[in-house]
> 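What follows is a single structure, and I will ask about it in a moment.
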2 protein chains.
Amino acid sequence: MEKTKETNPHTWGECTKSILPVRDALEVLSGKWKLPIIISLMFGNKRFSQIAKEVPGITDKMLSKELRELESNDLVKRTVYDSIPVVVEYSLTEYGHSLEIVIKTLRDWGVAHRKRMMVEG
Amino acid sequence: MEKTKETNPHTWGECTKSILPVRDALEVLSGKWKLPIIISLMFGNKRFSQIAKEVPGITDKMLSKELRELESNDLVKRTVYDSIPVVVEYSLTEYGHSLEIVIKTLRDWGVAHRKRMMVEG
DNA sequence: TTTACCACTATCCTTTTGTATACTACTTAC
DNA sequence: GTAAGTAGTATACAAAAGGATAGTGGTAAA
């Protein structure tokens, strides 16, 4: 057999480092619920119970947890209105909207992938 | 408080559907090991034990499992050379290389995210 | 004959992730 | 007083992902 291409350790080192930010990006979209929550908020600001209704199957616990995570990543803003009863509004930050291009890239690849996997079975 | 923007059910329906391909794309990169394996193979074809060496911490079991998954998604090609001892070479398919743009998009966002989280964090 | 390399597989265990269900605290409407 | 709506939390459990360790079957070198 042919000799396989040697790995260049330097390049690989650089590369390993460059994996970390990719992981970060994957992490903010990871899990079962973050994507639908983010997309729900891309269509407008929502209250807790509104999101719960729009994201089918999610429990309060998961919604609460995911929103806290998204908030800690600056992607979602939580605004409390001290009306009665108290109302909490969630909105995507401008930064959160910067995920749109990322999601679009993923979707484009995913659409092509679906087609490919269908024809080949 | 202001009235929050109403959700348009049609748009949301369309949108829900469009989540599926995004999930597909996330799935092919999901888990702890697929990304480093793919990136390792972007630098050239490798044998099983070579990848195991280059991806620090991975066990044979996980490597085997992930390679099978990548192969079933057409991203990686497995070639057996019946030399003695038998040698198996893994390579990224052309399709596998199409992930480069996706990974680049994720990395760019991730780099910006790291910076942002550092100054504020 | 023991060791080592090749490419795995099998079993068991821990950790992480997500689910189910009930509960808190407050106010208004019936 | 009881239900319903606001926004959650607490506890216990199930499922999925991943890790540790050992074993398979072949060759070949020491």
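So that the names make sense, note that chain A is the first sequence line, chain B the second, and so on, each numbered from 1.
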> Less than 4.0 angstrom between a side-chain N/O of Tyr81(B) and OP1 or OP2 of dA7(C), yes or no?
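No, outside the criterion.
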> I'd like to check Val102(B) versus Leu29(B) (side-chain heavy atoms, cut-off strictly below 4.5 Å). Are they in contact?
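Contact flag for Val102(B)/Leu29(B) side chains = yes.
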> With sequence neighbours excluded, tell me which residues meet side chain to side chain contact (heavy atoms under 4.5 Å, CB included) with Lys104(B).
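Testing Lys104(B) for side chain to side chain contact (heavy atoms under 4.5 Å, CB included), a comparison that skips the adjacent residues, returns Arg107(B), Asp108(B).
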> Find the bend of the helix from dT1(C)-dA30(D) to dC30(C)-dG1(D) as the angle between its two terminal axes (five pairs each), to the nearest 10°.
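Rounded to the nearest 10 degrees, the bend comes out at 30°.
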> Identify, with sequence neighbours excluded, every residue that meets ring-ring contact (aromatic ring centres under 6.0 Å, His included) alongside Trp109(B).
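Trp109(B) satisfies ring-ring contact (aromatic ring centres under 6.0 Å, His included) with Tyr95(A), His113(B) once adjacent residues are dropped.
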> For a quick check, with a 4.0 angstrom heavy-atom cut-off, what is the B/S/- contact string for nucleotides 14-30 of chain C, read 5' to 3'?
----SBB------SS--
> If I compare all heavy atoms of Leu26(B) with all of Leu106(A), which pair ends up nearest, and what's the gap?
CD2-CD1, 3.8 Å
> Under 4.5 Å between side-chain heavy atoms, counting indirect links through other Ile/Leu/Val/Met/Phe/Trp/Tyr residues: same cluster for Ile58(B) and Ile39(B) or not?
yes
> For DNA chain D, which nucleotides open and close the run of contacts to chain A, 5' to 3', at under 4.0 angstrom from a non-hydrogen atom?
dT6(D) to dA12(D)
> Show me the pairs that pass salt bridge (Lys or Arg N to Asp or Glu O under 4.0 Å) and involve residues 23-32 of chain A, at least two apart or across chains.
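Matches after skipping sequence neighbours: Asp24(A)-Arg114(B).
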> Give every residue pair that meets the salt bridge (Lys or Arg N to Asp or Glu O under 4.0 Å) criterion with at least one member in residues 73-85 of chain A, sequence neighbours excluded.
Asp74(A)-Arg116(B)
> Who pairs with Ser64(B) by side chain to side chain contact (heavy atoms under 4.5 Å, CB included), at least two apart in sequence or on another chain?
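Applying side chain to side chain contact (heavy atoms under 4.5 Å, CB included) to Ser64(B) gives Phe48(B), Arg68(B).
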> I'd like to check the side-chain hydrogen bond (donor to acceptor under 3.5 Å, both in side chains) partners of Glu100(A); sequence neighbours left out, ordered by chain and number.
His97(A)
> Taking only residues at least two apart or on different chains, which pairs with a member in residues 56-67 of chain A satisfy salt bridge (Lys or Arg N to Asp or Glu O under 4.0 Å)?
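Pairs touching residues 56-67 of chain A that pass the test: Lys34(A)-Glu66(A).
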